[in-house]
Amino acid sequence: MCGRVIQSSSPKLLGLGIVGGLADHDTLRSNVPPRFNAAPGQDLWVIRRHPTTGEHSLDLLRWGLIPSWCKDRPAPPPINARAEMVAARPMFRHAYAKRRCIVPVDGFFEWGPGQGARTRQPYAVAMKEGTPFGLGAIWENWRDPASGEWIRTFAVITTPANGLIAAIHERMPLILDPSDYGQWLGDEPDPRDLLRPFPVEPMTLWPVSLRVNSVKNDDPHLAEPLTSGSAAGKGPDEGFP
DNA sequence: CCAGACGTTGTT
DNA sequence: GTCTGG
DNA sequence: CCAGACGTTGTT
DNA sequence: GTCTGG
């Protein structure tokens, strides 16, 4: 599954590096700090395509999907939607048909078994080259009856784990091939060809400190292995550029 | 018909 | 155990 | 996803 | 909104 992500690159790189043709509006310059350990319930950068103009936009949406028909805020809202079911479930299918989006990330975290019987060990997952990549997601617009405020939310689609991640976990987020970004954001109502695990070869994974367990500790050290050369001397990071 | 759920994950 | 907050 | 709280009363 | 269970 996917319950924590890294968005440490600049919004401009996250947007333009992932998909071209972004609308050059204020969100690209807004002063949002990098996120090294972003959690559900928080506002993250999401790329969407305007249905009529075709312009791409990069905006902050809240992680945790609230369907528009919800009377009250669900607790907790779904943060993931299974690729095998997203086109069929009443809760997801309209968003899947009409409101697909991309979450641009530098990496994400998965938890595997730890040393103790009931312990878990976090791992960071990223591209070997350290480049940002895009997660397939769906989004919704919801009006909070308490405040009258419109809230935009999203959920990350999950697939079975590929060979790399299967060693620690059964599921992984849907990672889109860059050549498929256009189709994913486009008008094709059911791009189910894209709902498959990403190939192992460009990816890498390494155990990280338990510091990652605390979302308050959203510190740059967690991203150091993503920067070329900085993994030296970090022990289990051997093999990472 | 109305009422109530609508999701995923991990763990036991 | 279960819910909330990040 | 994990971490941390989980409560009431009366008084300012 | 739409589906399921009673």
Side-chain angles (χ1 to χ4, degrees), chain A residues 1-8 32-45 60-100 103 105-126 135-147 150-151 153-161 165-175 195 197 205 207-219 221-223:
Chain A
M1 77 98 50
C2 179
R4 296 289 175 101
V5 302
I6 302 167
Q7 279 191 333
S8 55
V32 175
R35 308 301 313 277
F36 301 99
N37 184 11
Q42 297 178 327
D43 293 332
L44 302 185
W45 292 116
L60 290 172
L61 272 66
R62 189 160 305 168
W63 191 359
L65 193 77
I66 307 179
S68 58
W69 43 261
C70 275
K71 294 184 183 69
D72 299 303
R73 186 185 301 269
I79 62 173
N80 295 130
R82 295 173 71 93
E84 298 91 329
M85 298 304 297
V86 67
R89 292 252 190 253
M91 196 173 194
F92 297 139
R93 65 185 179 192
H94 193 64
Y96 174 70
K98 299 291 184 187
R99 287 182 304 279
R100 295 184 298 276
V103 184
V105 300
D106 296 279
F108 58 89
F109 297 105
E110 293 288 0
W111 274 258
Q115 293 295 322
R118 273 165 284 271
T119 63
R120 287 164 61 72
Q121 164 70 49
Y123 294 81
V125 186
L135 306 182
I138 55 178
W139 69 276
E140 287 266 7
N141 226 337
W142 179 71
R143 187 178 176 276
D144 184 350
S147 63
W150 284 94
I151 300 178
T153 63
F154 71 93
V156 174
I157 297 173
T158 64
T159 70
I165 293 180
I168 57 166
H169 207 84
E170 291 183 353
R171 308 283 304 174
M172 65 183 280
L174 171 63
I175 302 176
L195 297 174
L205 151 166
V208 293
S209 158
L210 287 172
R211 288 177 306 158
V212 77
N213 285 352
S214 170
V215 74
K216 289 172 193 164
N217 198 345
D218 196 355
D219 75 66
H221 289 98
L222 293 172

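Only a predicted model underlies this, so the values are computations on that prediction, with no experimental measurement involved. Within every chain, numbering begins at 1; the chains are lettered A, B, ... in the order of the sequence lines, protein sequences first and strands thereafter.
- A/Ile66 has its CD1 atom 17 Å from the P atom of E/dG1, to the nearest Å.
- Side-chain proximity of A/Arg89 to the nucleotides E/dG1, C/dG6, B/dG7 is greatest for B/dG7.
- With both ends at atom P, the span from B/dG7 to D/dA5 equals 32 Å, rounded to whole Å.
- Counting any heavy atom pair closer than 4.0 Å across all strands shown, A/Ser68 reaches no nucleic acid atom.
- For the pair A/Arg35 (side chain) and A/Gln7 (backbone), a donor-acceptor distance under 3.5 Å is absent.
- Between the C1' atom of B/dA5 and the CZ atom of A/Phe92 lies a distance of 13 Å, rounded to the nearest Å.
- Between A/Arg171 and the phosphate of B/dT9, there is a side-chain N or O to OP1/OP2 separation shorter than 4.0 Å.
- The residue A/Arg93 sits close only to the backbone: its heavy atoms come under 4.0 Å of sugar-phosphate atoms, none of a base.
- Heavy atoms only, all atoms of each residue included: A/Thr153 and A/Ile66 are closest at OG1-N, 2.9 Å.
- In the model, A/Asp106 has a side-chain atom that pairs as donor or acceptor with a side-chain atom of A/Ser8 under 3.5 Å.
- Comparing B/dT9 with C/dT2, their C1' atoms sit 15 Å apart, to the nearest whole Å.
- Atom pair A/Arg4:CZ and D/dA3:C1' shows a separation of 8 Å (rounding to whole Å applied).
- The nearest whole Å value for the distance from the CG atom in A/Asn141 to the P atom in E/dG1 is 15 Å.
- Residue A/Val103 comes nearest to A/Trp45 through the heavy atom pair CG1-O, 3.8 Å, listed as atom of the first residue, atom of the second, then distance.
- Straight-line distance from the CZ atom of A/Arg118 to the P atom of B/dT9: 23 Å, rounded to whole Å.
- Nucleotides D/dT8 and B/dG4, compared at atom C1', are 33 Å apart to the nearest Å.
- Looking only at distances, no side-chain donor or acceptor of A/Gln115 sits under 3.5 Å from a matching main-chain atom of A/Arg120.
- What separates CD of A/Glu170 from P of B/dT8 is a distance of 15 Å, to the nearest Å.
- In this structure, A/Arg100 satisfies the cation-pi test against A/Tyr96, with its NZ or CZ atom closer than 6.0 Å to the six-membered ring centre and inside 45 degrees of the ring normal.
- Checked against B/dT9, D/dC1, B/dC6, the side chain of A/Met91 finds its nearest nucleotide in B/dC6.
- Nearest heavy atoms, A/Ile175 versus A/Leu135: CG1-CD2, 3.9 Å.
- Rounded to an integer number of Å, the gap from A/Gln42 CD to D/dA3 C1' is 13 Å.
- Nearest heavy atom pair, residue A/Met91 against residue A/Pro78, reads CE-CG, 3.7 Å.
- Among the nucleotides E/dG1, B/dT9, D/dC1, the one closest to any side-chain atom of A/Pro90 is E/dG1.
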Intra- and interstrand pairs of DNA chain D - dot-bracket, Watson-Crick/G-U under 3.5 Å, | marks other strand: ||||||......
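- Comparing the C1' positions of C/dC3 and D/dG10 gives a spacing of 27 Å, expressed to the nearest Å.
- Using a 4.0 Å heavy-atom criterion, one finds that A/Pro76 contacts the bases of the nucleic acid, with or without backbone contacts as well.
- What separates CG of A/Asn80 from C1' of B/dC6 is a distance of 16 Å, to the nearest Å.
- Checking A/Arg120 against A/Pro78, the closest nucleotide of DNA chain B that is more toward the 5' end is the one next to A/Pro78.
- An OP1 or OP2 oxygen of C/dT4 is reached within less than 4.0 angstrom by no side-chain nitrogen or oxygen of A/Arg73.
- Contacts of A/Ala75 with the nucleic acid, taken as non-hydrogen atoms under 4.0 Å apart, involve only primed sugar atoms and P, OP1 or OP2.
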